[in-house]
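A short worksheet on the structure shown next.
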Amino acid sequence: MKLTTRIEKPFFRRDVLELAPALLGMQLVVAGPGREPVRYAISETEAYRGVEDLACHVSKGRTGRTEIMYSEGGVLYVYLIYGMHWMLNIVTGMAEQPQAVLIRGVGGISGPGRLTRALGIDKSFNAEDLTASERIWLEDSPGNSRFIATPRIGVDYAGPVWKEKPWRFVAV
DNA sequence: GTAACGATCCTC
DNA sequence: AGGATCGTTACA
């Protein structure tokens, strides 16, 4: 009997508002070439939900960068922000239903830009499939599922309705 | 080709 | 409070 198993496709097909809090406490596993996998417990996430969500990149249109978000859930959306920080997102939901979860904190590392730097995640991880990749995947972890929900960070430009949605989830 | 803009982080 | 720093995007 395995103690840990890779999370498979059906898990990621759910709505982002259900999946973002469900990711808290799960293990993000990163395996470098010739190195043992390292596990990081996810501690903070944010949901970005569809073209109507003015904080979500797809609300600006379907472009080359955001095309990956239209995939079925389970692949990564990685993009550069402020010219220096890679943002790690997990695409969720069904195909043609563009949503993603921004991973804002793992394993005591706070901040989406800091965690990608610490884990060595960059543009080469964009479109990577968490259910098939040899270098990054997700595992379940028994334990605490308590969390709080707050407004998302850094999305004031989205206007009052969308910036105030309590779609940031922090494990407590 | 040009210009504007960030789902951030660090230093002052 | 302000600067770093550059890919993506829209527009000419």
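Numbers restart at 1 for each chain; the letters A, B, ... are given by sequence-line order, proteins then strands.
- Between atom CD1 of residue A:I109 and atom CD1 of residue A:I103 there is a gap of 12.5 Å, rounded to the nearest 0.5 Å.
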### Where protein sits on nucleotides 2-8 of chain C, one letter per nucleotide: B base, S sugar-phosphate only, - none, heavy atoms under 4.0 Å
--BBBSS

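- Comment: A:R104 engages A:E46 in a salt bridge, judged by a side-chain N to carboxylate O separation of less than 4.0 angstrom.
- Separation of atoms CZ (A:R39) and CH2 (A:W137) is listed at 6.5 Å; rounding is to 0.5 Å.
- A heavy atom lying under 4.0 Å from DNA chain B marks the following residues of residues 42-50 of chain A, by number: A:Y48.
- The hydrophobic cluster containing A:L88 also contains A:I7, counting ILVMFWY residues as joined when their side-chain heavy atoms lie under 4.5 angstrom apart, directly or transitively.
- For the segment residues 100-121 of chain A, the set of residues with a heavy atom within less than 4.0 Å of an atom of DNA chain B comprises A:L102, A:R104, A:G111, A:P112, A:G113, A:R114, A:R117, in numerical order.
- A:S124 OG to A:L76 CG: the interatomic distance, rounded to the nearest 0.5 Å, is 10.0 Å.
- By the rule that hydrophobic residues join a cluster once side-chain heavy atoms approach within less than 4.5 Å of another member, A:Y40 and A:V78 end up as members of one cluster.
- Legend: salt bridge (charged side-chain N to carboxylate O under 4.0 Å, His left out) pairs involving residues 76-101 of chain A, not counting sequence neighbours, sorted by first then second residue: A:R62-A:E96.
- With rounding to the nearest 0.5 Å, the separation of CG in A:L115 from NE2 in A:H85 is 11.5 Å.
- When DNA chain B is scanned in the 5' to 3' direction for atoms under 4.0 Å from non-hydrogen atoms of chain A, the outermost contacting nucleotides are B:dG6 to B:dC10.
- For the side-chain hydrogen bond (donor to acceptor under 3.5 Å, both in side chains) condition, no pair includes a residue of residues 20-29 of chain A, sequence neighbours left out.
- Considering NZ of A:K9 and CG of A:L130, their distance stands at 8.5 Å, rounded to 0.5 Å.
- Annotation for A:P37 and A:V29: closest pair CB-CG1, 3.6 Å, computed over non-hydrogen atoms.
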Please tabulate, one pair per line, all N/O donor-acceptor pairs under 3.5 Å involving side-chain atoms of residues 14-24 of chain A, not counting sequence neighbours.
| residue | atom | partner | partner atom | Å |
| --- | --- | --- | --- | --- |
| A:R14 | NE | A:F11 | O | 3.4 |
| A:R14 | NH1 | A:E18 | OE2 | 2.9 |
| A:D15 | OD1 | A:L17 | N | 2.8 |
| A:D15 | OD1 | A:R49 | NE | 3.1 |
| A:D15 | OD2 | A:R49 | NE | 3.2 |
| A:D15 | OD2 | A:R49 | NH2 | 3.0 |
| A:D15 | OD2 | A:Q99 | NE2 | 3.2 |

### Query
Would you write out the dot-bracket form of DNA chain C, 5' to 3', with Watson-Crick and G-U pairs under 3.5 Å, [ ] for crossing pairs, | for pairs to other strands and . for unpaired bases?
||||.||||||.

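- Here CD1 of A:I90 is found 5.0 Å from CD1 of A:I42. Values are rounded to the nearest 0.5 Å.
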Output side-chain donor-acceptor pairs under 3.5 Å for residues 161-172 of chain A, partner residues at least two apart or in another chain, one line each.
| residue | atom | partner | partner atom | Å |
| --- | --- | --- | --- | --- |
| A:R168 | NE | A:E44 | OE2 | 2.8 |
| A:R168 | NH1 | A:T150 | OG1 | 2.9 |
| A:R168 | NH2 | A:E44 | OE2 | 3.1 |

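- Using a distance-only test at 3.5 Å, with no hydrogens or angles considered, no donor-acceptor pair links the side chain of A:S133 to the main chain of A:E128.
- Every pair passing salt bridge (charged side-chain N to carboxylate O under 4.0 Å, His left out) that includes a residue from residues 69-91 of chain A is listed here, sequence neighbours excluded: A:R13-A:E72.
- Residue pairs satisfying the salt bridge (charged side-chain N to carboxylate O under 4.0 Å, His left out) criterion with at least one member in residues 106-120 of chain A, sequence neighbours excluded, are absent.
- For DNA chain B, the residues of residues 51-60 of chain A within the heavy-atom distance limit of 4.0 Å (strictly under) are A:A55, A:H57, sorted by number.
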